[in-house]
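Computed over heavy atoms, backbone and side chain alike; hydrogens, waters and symmetry mates excluded.
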Amino acid sequence: MSKQQLLTPYNKNINLKNRVVMAPMTRSRANNEGNVPTNELHGLYYEQRASAGLIITEGAQVSKDAVGYIHTAGIYSEAQVEGWKKVTKRVHDKGGKIFIQLWHVGRISHPDFHHGELPLSASAINPKAQSFTPEGFKDTVTPKEMTLEDIKTTVNDFKNAAANAVKAGFDGVEIHSSNGYLFHQFFTNCSNTRTDDYGGNNTNKTRFFFEVLDAMKEVIPQEKIGVRFNPSLNGLFGINLDEETIPTFEYIIKKLNDYNLAYVHLSEPFTDVSDVPFAVTEIAKHFRPLYNGTLMINTSFDKEKGNKVLEDGNADIVAYGKPFISNPDLVERFENNLELAEWDQDTFYTQGAKGYTDYPKSNK
């Protein structure tokens, strides 16, 4: 029997021992004053999962302005860099590879995180979503439309975060330009009604993202940068599709062929969009012909579906989220055809070791 495609090495800009990637997942365990990742929790959590071909960390905010959820670790302070150093060392000592996801939530936030000031976004449009604040979930508000100075500052925040990631020993970074967060807010008409150089047409709506990418290239090699998108996101995080949405993402993906990135990370639809006009129902199949580099695909894959998308040539590597929460040895379970342990959703965003570092490996 031939070896599972998921378990074969991958070598193109990014050298992986297998094609099973741990997807970025918010876990809210940095419950300390400086939002610093800790060795005893974050370090152990990622070390336990170091058999993945690649780990992508939870989203780490690039500045205090970027936060929108409680207890998420950042990558803008010296203390945070020192905390992440312990994490990367533990993963590397186990032979693993780890990227950090760089994050700005934009309008999916609340004034409670910003000393009463409004969160930032492309335009002053309330996403009508919820933010997970220290006092529980609260309805979002109408954000502040970013000024040109705000945009310039945020470009620099991402550049500094990438430089900090290098200092912390990460093998690379992923720009979180997905799931209704800040960059996604610039890409879509439902959240961007600007009439300046950052709104209106595809060149303008994507300008901010490419300015960030170009700035980060100055401090980290572009082959160590990954980017993440969710083209058919609809009805979640304040995002709704229209006739321009997919063409905008096609423009982005094609333009990324001019770069030499680690990968492009795409999500299949989070919800059923088969009856939604303008949606693409099969993201990997649609975007694979448009991109010449490494394509990572995500969302609701199991072992069989993961192997099939690789065998069909629609992706190069596959990211797994929730299965990695409850199966720190997911790669070994795939290899030995073992059953997967179930995750406890009630502990996804709680604090401490329970539901985080206490999932056992298989005895077999």
Side-chain angles (χ1 to χ4, degrees), residues 21-50 52 55-62 64 66-77 79-80 82-84 86-88 90-91 98-105 108-114 119 127 129-140 174 176 178-181 236-237 267 270 298-300 319-330 333 340-362:
V21 175
M22 180 177 170
M25 290 175 285
T26 301
R27 300 304 311 277
S28 296
R29 256 56 179 199
N31 55 321
N32 52 66
E33 186 176 350
N35 295 131
V36 176
T38 64
N39 187 39
E40 62 270 22
L41 282 177
H42 297 79
L44 177 58
Y45 173 69
Y46 288 116
E47 178 193 277
Q48 289 173 336
R49 290 152 180 82
I55 291 171
I56 310 171
T57 74
E58 64 219 84
Q61 58 264 20
V62 299
K64 290 182 178 180
V67 70
Y69 297 83
I70 61 168
H71 307 323
T72 55
I75 185 65
Y76 55 85
S77 73
Q80 290 163 351
E82 290 303 310
W84 284 119
K86 297 181 177 70
V87 174
T88 59
R90 291 183 73 152
V91 171
I98 184 167
F99 276 35
I100 186 170
Q101 188 185 65
L102 305 182
W103 195 25
H104 193 308
V105 306
I108 308 295
S109 187
H110 193 276
D112 286 2
F113 289 111
H114 309 292
Q130 288 195 314
S131 174
F132 191 11
T133 78
E135 298 177 0
F137 282 100
K138 290 188 178 182
D139 291 340
T140 54
E174 177 179 284
H176 196 353
S178 186
N179 297 1
Y181 297 123
L236 294 171
F237 306 112
S267 295
F270 281 4
N298 192 346
T299 308
S300 300
Y320 291 85
K322 293 173 186 175
F324 255 119
I325 289 178
S326 52
N327 298 276
D329 56 342
L330 184 66
R333 292 186 189 233
L340 301 188
E342 292 295 319
W343 54 80
D344 178 8
Q345 193 149 341
D346 291 340
T347 58
F348 279 3
Y349 309 113
T350 52
Q351 282 71 66
K354 183 174 173 56
Y356 191 61
T357 57
D358 62 347
Y359 285 105
K361 294 185 177 181
S362 171

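The two residues P328 and K361 have their closest heavy-atom pair at CG-CG, 4.1 Å. Scanning both residues, S131 and G68, for their nearest heavy atoms gives OG-O, 2.9 Å. The two residues I108 and Q130 come nearest to each other via the heavy atoms CG2-O, 4.2 Å. Nearest heavy-atom pair, E342 versus S326, reported as atom, atom and distance to 0.1 Å: O-CB, 3.5 Å. Between P360 and R333, the closest heavy-atom pair is O-NH2, 3.4 Å. For the pair T140 and S109, the tightest heavy-atom approach, listed with the atom from each and the gap, is CG2-O, 3.8 Å.
Under a 3.5 Å cut-off, the side chain of T26 and the backbone N or O of E58 do not form any donor-acceptor pair. Remark: the backbone N or O of T72 is paired with a side-chain donor or acceptor of Q61 at under 3.5 angstrom. Under the 3.5 Å distance criterion, the side-chain polar atoms of T299 are left unmatched by any main-chain donor or acceptor of F270. At least one donor-acceptor pair under 3.5 Å links the side chain of Q351 to the backbone N or O of Y349. Panel note: side chain T133, backbone E135; a donor-acceptor pair is recorded below 3.5 Å. In terms of modelled atom types and a separation under 3.5 Å, the side chain of Q80 and the main chain of G34 share a donor-acceptor contact. Looking only at distances, no side-chain donor or acceptor of N179 sits under 3.5 Å from a matching main-chain atom of F237. A donor-acceptor pair under 3.5 Å links the side-chain atoms of N327 to the main chain of A341, judged by distance alone. Between the R49 side chain and the I325 main chain, a donor and an acceptor come within less than 3.5 Å of each other.
At a threshold of 4.5 Å between non-hydrogen side-chain atoms, the residues F324 and I55 do not count as touching. Contact annotation: the side chain of R29 never approaches that of T38 to less than 4.5 Å [non-hydrogen atoms, C-beta and beyond]. In this structure the side chain of F348 reaches within 4.5 angstrom of the side chain of K322, judged on heavy atoms. Side-chain contact check for V105 versus Y181: some heavy-atom pair is nearer than 4.5 Å. Within the 4.5 Å cutoff, side-chain heavy atoms of Y46 are placed close to those of M22. A 4.5 Å side-chain heavy-atom check between L41 and R27 finds every atom pair outside the cut-off. No side-chain heavy atom of Y320 sits under 4.5 Å from any side-chain heavy atom of L340. Contact annotation: the side chain of F113 approaches that of I70 to within less than 4.5 Å [non-hydrogen atoms, C-beta and beyond].
If you take NE2 on H71 and OG1 on T350, they are separated by 10.0 Å, rounding to the nearest 0.5 Å. I56 CD1 to I100 CD1: the interatomic distance, rounded to the nearest 0.5 Å, is 11.5 Å. The CZ atom of R90 sits 12.0 Å away from atom NE2 of H42, with the distance rounded to the nearest 0.5 Å. Taking CD1 from I75 and OG1 from T57, the interatomic distance works out to 8.5 Å, rounded to the nearest 0.5 Å.
Aromatic ring orientation, W103 versus H176: parallel (interplanar angle below 30°, classes split at 30° and 60°).
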Check step by step if side-chain hydrogen bond (donor to acceptor under 3.5 Å, both in side chains) holds for Q48 and T357.
CA-CA 8 Å; Q48 289 173 336; T357 57; 5.1 Å; no
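Within a 6.0 Å sphere centred on CD of E40, heavy atoms belonging to other residues, nucleotides or ligands number more than 12.
By the 4.0 Å N-to-carboxylate-O rule, D358 lies too far from K354 to be salt-bridged with it.
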